[in-house]
Amino acid sequence: MATYRLSFKILATFSIGWLLLSCQPSTEISEVEIADTLSVGYTLSQQYCGNCHQYPVPNLLPKATWQKYVLPRMGHRLGIYEHDSIRQSLLEIGVGRERVDQAGIYPAQPVINQDKWQTIQDYYLKYAPDSISVSTPEISVSLPNFQVQVSSYQLSPPSTTMIKIHRQQLFVGDANSKSLYQFDSALSLQRVARTGEGAVHAEISTEQLLVTIMGSFSPTDSPSGKVITLPREDEGAPYVLLDSLQRPVQTTVADLDQNGLPDLLVCEFGKWLGGLFYYQQQLDGSFQKNVLRQQPGAIVAYVRDINQDNLLDVLALFGQGDEGIFAYMNQGDGKFQEKTILRFPPSYGSSSMLLVDIDEDGDEDIVYTAGDNADYPPVLKPYHGVYIFTNNGGFAFEQSWFYPLPGAYRALPADYDQDGDLDMAVNSFFPGYQSDADAGFVYLQNQGNMEFDAYTFTESIYGRWLVADAGDLDGDGDLDIALGSLAFEVVPPNGLLNQWVERGIPFIVLENRLKAKLSE
């Protein structure tokens, strides 16, 4: 599903510590492949398949996936179609169609001749493996210090696109009902706001909520997204700050031009079009749009003074083709210069990024997850999981840690057991549902030296966990975890989708009982 990557298991009776550097696959092309190259095939594939994103080596995907799905779609982007009607079928109806057509996403004429394209296909199919193996740690089906609280409020089908803990309140966005729900710490419903489809992000202040609304959870290039404000109390009306956005997934408030007026930094994930945009607030309250990156797949952005020049810079994660982490260095006068920090192959399915000082050396490291897996029938990938990229100074990062987890969507590092080191709560939207149904959530308890025991809980199968958040929901001094479920097709079908729809469970809260146990 080229959708918001917010694009759209393993059973054991014991836990195991896992040093997470040993099970990464090779994403480099072998010397044999380069030497043989068919040999023009390697050169051509580098030229045509690596000019707009990191070069995808053949061993990233099994041969059948290349042959049935990826290569035909690559051909479409090069103007190669099986028959004349294919191109028209790829263009959606409406405004999105016009935009995609004008942008030349699907060229009307081939940009490569058939012989060259056949050589590229032959190269990939020769060196792609028949299958790729995935080895994941064993996970104990027990959850130390946490008590499972299943929501009694039902939404069917559950379509949770946002979950956020804020000061003993839980905010839940639902795409199907097109609403934003507010629950208290006892999980009783307090308020409902009709927002439109896909409330996905909220900045919460004393007076209001700044809510980002996708407009369409399903992939589209139609500009139906918006950013609105909602009053915290019943008095007052919603107000639209920005509209006509392309599936926005995050909005950050920051005075990027330092003129005293708050600006809006918006990640517009889009489908084939989208980007990272800086909406500069004017004196009359309107906003002027500025482009930081005109590419689809913007997922999350952070505002930091990266180079300590007293100007606010931006660090952003992109998925959807040209995947990677990019910095936008503020040059002043509303100008930014792009710098590539990390880049990933397009099959990684980048899903989230957090900035956390993991090694406690005074600078922020990157916690990154790769796990989106809906662009073709899901393939378990050994490079899906949680990564830590350590900041070595000057915002230069190198990988220092990896935990393999198919479909990983968000990692929440925190000291949940309050023993002085960081644990990790991770949700997966694309676990291996045919065999690993309980790995939709994994709690990694740090045993020291970045070795972890892995846990899950029986009720994990009650939902498909798209979103997650951590916070002290019950106000007892420890961190709870909230998981939001979105019912989504399982391939091949195994009955789980019907169960999720019937149960109608939009969220589960994992109540941290650490403080309660200490007081007993």
Side-chain angles (χ1 to χ4, degrees), residues 9-30 33 56-66 127-143 323 344-352 367-389 399-411 413 423-447 449-457 460-461 464-465 490-492 494:
K9 291 174 176 178
I10 297 165
L11 297 174
T13 57
F14 60 97
S15 61
I16 183 170
W18 193 263
L19 184 61
L20 304 167
L21 289 172
S22 59
C23 39
Q24 297 177 77
S26 170
T27 56
E28 300 294 330
I29 196 162
S30 73
E33 293 171 71
V57 299
N59 65 5
L60 286 169
L61 295 169
K63 186 173 300 184
T65 301
W66 281 112
Y127 289 110
D130 291 331
S131 62
I132 52 178
S133 61
V134 176
S135 177
T136 54
E138 296 187 72
I139 303 172
S140 175
V141 186
S142 63
L143 208 53
E323 302 200 10
F344 311 111
S347 62
Y348 262 46
S350 299
S351 49
S352 75
V367 178
Y368 160 84
T369 58
D372 191 74
N373 205 1
D375 292 300
Y376 33 76
V379 177
L380 297 185
K381 300 173 181 177
Y383 43 86
H384 272 182
V386 186
Y387 296 74
I388 291 176
F389 295 98
Q399 184 181 324
S400 59
W401 188 87
F402 172 68
Y403 181 83
L405 182 66
Y409 245 56
R410 184 170 174 81
D423 312 299
M424 197 88 70
V426 190
N427 64 295
S428 167
F429 194 59
F430 290 95
Y433 278 120
Q434 303 309 310
S435 58
D436 304 332
D438 289 308
F441 172 81
V442 178
Y443 171 61
L444 301 173
Q445 189 174 49
N446 198 334
Q447 303 302 311
N449 298 317
M450 296 301 285
E451 295 188 21
F452 295 78
D453 288 346
Y455 301 91
T456 187
F457 60 102
S460 173
I461 201 63
R464 185 163 186 166
W465 311 114
V490 176
V491 181
N494 63 357

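Every value quoted in this text rests on a predicted model; they were computed, and no experiment measured them.
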So, the side chain of [X] versus the backbone of [Y]: is there a donor-acceptor pair under 3.5 Å, distance only?
X: Asp130; Y: Lys63; value: no
X: Thr456; Y: Phe441; value: yes
X: His384; Y: Pro404; value: no
X: Glu323; Y: Ser347; value: no
X: Asp372; Y: Ser350; value: no

Side-chain heavy-atom pair [X], [Y] within 4.5 angstrom cut-off:
X: Val57; Y: Pro345; answer: no
X: Trp465; Y: Tyr409; answer: no
X: Tyr433; Y: Arg464; answer: yes
X: Asp423; Y: Leu444; answer: no

Set of residues satisfying side chain to side chain donor-acceptor pair (under 3.5 Å) with respect to [X], sequence neighbours excluded:
X: Thr369; result: Ser351, Ser352
X: Tyr443; result: none
X: Ser131; result: none

Problem set entry | Euclidean distance, Leu380 CG relative to Leu405 CG, rounded to 0.5 Å | 10.5 Å
Exercise. CG/Asn427 to CZ/Arg410 distance, rounded to the nearest 0.5 angstrom?
Worked result: 8.0 Å
For this session: Verify side-chain contact (heavy atoms from CB on, under 4.5 Å) between Tyr383 and Phe344, making sure each step is shown before the conclusion.
Result: CA-CA 11 Å; Tyr383 43 86; Phe344 311 111; over 6 Å; no
Exercise. Hey, mind stepping through Trp401 and Val386 against side-chain contact (heavy atoms from CB on, under 4.5 Å) and telling me if it holds?
Worked result: CA-CA 8 Å; Trp401 188 87; Val386 186; 3.7 Å; yes
